[in-house]
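These notes concern the structure reproduced below.
Below, chains carry the letters A, B, ... as their sequence lines are ordered, and counting in each starts from 1. Below, each value reflects all heavy atoms present in this structure, side chains not excepted, and no hydrogens, waters or symmetry copies. Just so it is clear, the model here is predicted, and its values are computed rather than measured.
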2 protein chains.
Amino acid sequence: MLSNSRLVHQPHDHRRCISAALTRARDLCAEENLRLTPTRESVLRLLWQSHRPLGAYQLQDQLAKISGKPIAPPTIYRAVEFLLKTGLIHRIASLNAYIGCPFPNSDHSNLFMICTDCGSAAEVAHSSINKLLQSTCEKANFTLQDQSLEIFGLCPNCSLQQQENGGISSADKDHE
Amino acid sequence: MLSNSRLVHQPHDHRRCISAALTRARDLCAEENLRLTPTRESVLRLLWQSHRPLGAYQLQDQLAKISGKPIAPPTIYRAVEFLLKTGLIHRIASLNAYIGCPFPNSDHSNLFMICTDCGSAAEVAHSSINKLLQSTCEKANFTLQDQSLEIFGLCPNCSLQQQENGGISSADKDHE
DNA sequence: GAGGTTAAGTTATAACATAACATAAGCAAA
DNA sequence: TTTGCTTATGTTATGTTATAACTTAACCTC
Ligand SMILES: [Zn+2]
Ligand SMILES: [Zn+2]
Ligand SMILES: [Zn+2]
Ligand SMILES: [Zn+2]
């Protein structure tokens, strides 16, 4: 099981997450002759500012602030489309939001563990889940093409806090 | 594994699907003292007209046609909200669409097998997937609350047709 | 630097969803 | 059977997410 759950949900040097992601992105684009333009790179960087998924219009606001000029929705959606296609980010359908992929180019489960309290989302690549789904599909004569697995609950941090103080939200706390 | 995949993807007397669903709904609402009003029942019936998920505005159009008067979005969303809360339907996040639940009141996987060709969606309750997810969450100290599992591919029918004629879409064919 | 290709800017609008407030229907007790 | 409470619906407006269509600019190749 390839998981970044521990990393996401524990204090860590998040600058390293960001720089590693950007390096991976540059390498991958160089290899495949794709253009990681300034806009695309900015959107990717924004998505790596935290381990929480961001919506298109949050990206729009933040990019406008950074670049000091108004940004129209298509600009964001085009960057997002590119990053999705190259596998550098994922879309989380139940949130209408996007998040950086910690292991592009590897095998994927498209499984996300999303905290309903703090909003963080951890991607998990889990080969036994993939196998189980695959065999389920085979039994049903269903030709599997893609999957979207989103599970909701309390991340380790928020679980602990719930137990400790009886359920006071930590939604505004940040644990990058 | 409790699956209605076979039923969904094979020719069957679909009137029985509809009437069974409505009977279940009436019983369930009677038991729990909930009001299955005409609007709510109409929306449920519309969602059972086929095994394809319908969006809110498709429901709006169709309900308007049936009732002979314009219907505003809130009417649909309220009915949908009620049916979701009572477990009679599900939302399919990646499609922004809704579909009737074939086994309300049972244990759920919230797992849908969605055909990318004909659009049909079959719900599957799969205890080993649930167990696997549960144990995965436990290992990660993640407190599972809810899940949304959507897998995409070709249903048995469309798989066959692809093999036979080399990939001509059957999106406009109906196999209720 | 001409010409093709890809990306970004711009404007408008489609598609999905909810807020807020007014009205009506259902129901239980006075 | 009126009163008053609760729940459901009607109505209008608006918020949120996503894309269409067309123009301009940047990039790359020859
Ligand atoms: Zn990924
Ligand atoms: Zn959390
Ligand atoms: Zn169900
Ligand atoms: Zn099909």
Do you see a donor-acceptor pair shorter than 3.5 Å between the side chains of [X] and [Y]?
X: A/Ser159; Y: B/Thr143; answer: yes
X: A/Gln147; Y: A/His108; answer: no
X: B/Asp117; Y: B/Gln161; answer: no
X: A/Glu150; Y: B/Ser148; answer: no
X: A/Gln134; Y: A/Glu138; answer: yes
X: B/Asn105; Y: B/Arg24; answer: no

Expressed as a whole number of angstroms, how long is the span from A/Ile76:CD1 to C/dA8:P?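 Checked: the CD1 to P distance equals 11 Å.
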Using atom CG of B/Asp61 as one end and atom P of C/dA14 as the other, report the distance to the nearest whole Å. 14 Å
When the ring planes of [X] and [Y] are compared, do they come out parallel, tilted or perpendicular, using 30° and 60° as the limits?
X: B/His90; Y: B/Phe112; answer: perpendicular
X: B/His9; Y: A/Phe142; answer: tilted
X: B/His51; Y: B/His12; answer: tilted

Positive for salt bridge (charged side-chain N to carboxylate O under 4.0 Å, His left out) with A/Arg26, one of A/Glu31, A/Glu41, A/Glu32: A/Glu41
At a 4.0 Å cut-off to heavy atoms of chain B, the contacted part of DNA chain D spans D/dT7 to D/dT12
Going by number, which of residues 21-33 of chain A have a non-hydrogen atom under 4.0 Å from DNA chain C? none
So does A/Thr75 get a side-chain nitrogen or oxygen closer than 4.0 Å to the phosphate oxygens (OP1/OP2) of C/dG9? yes
5' to 3', nucleotides 16-27 of chain C under a 4.0 Å protein heavy-atom cut-off (B base, S sugar-phosphate only, - none) gives BBBBB-----S-
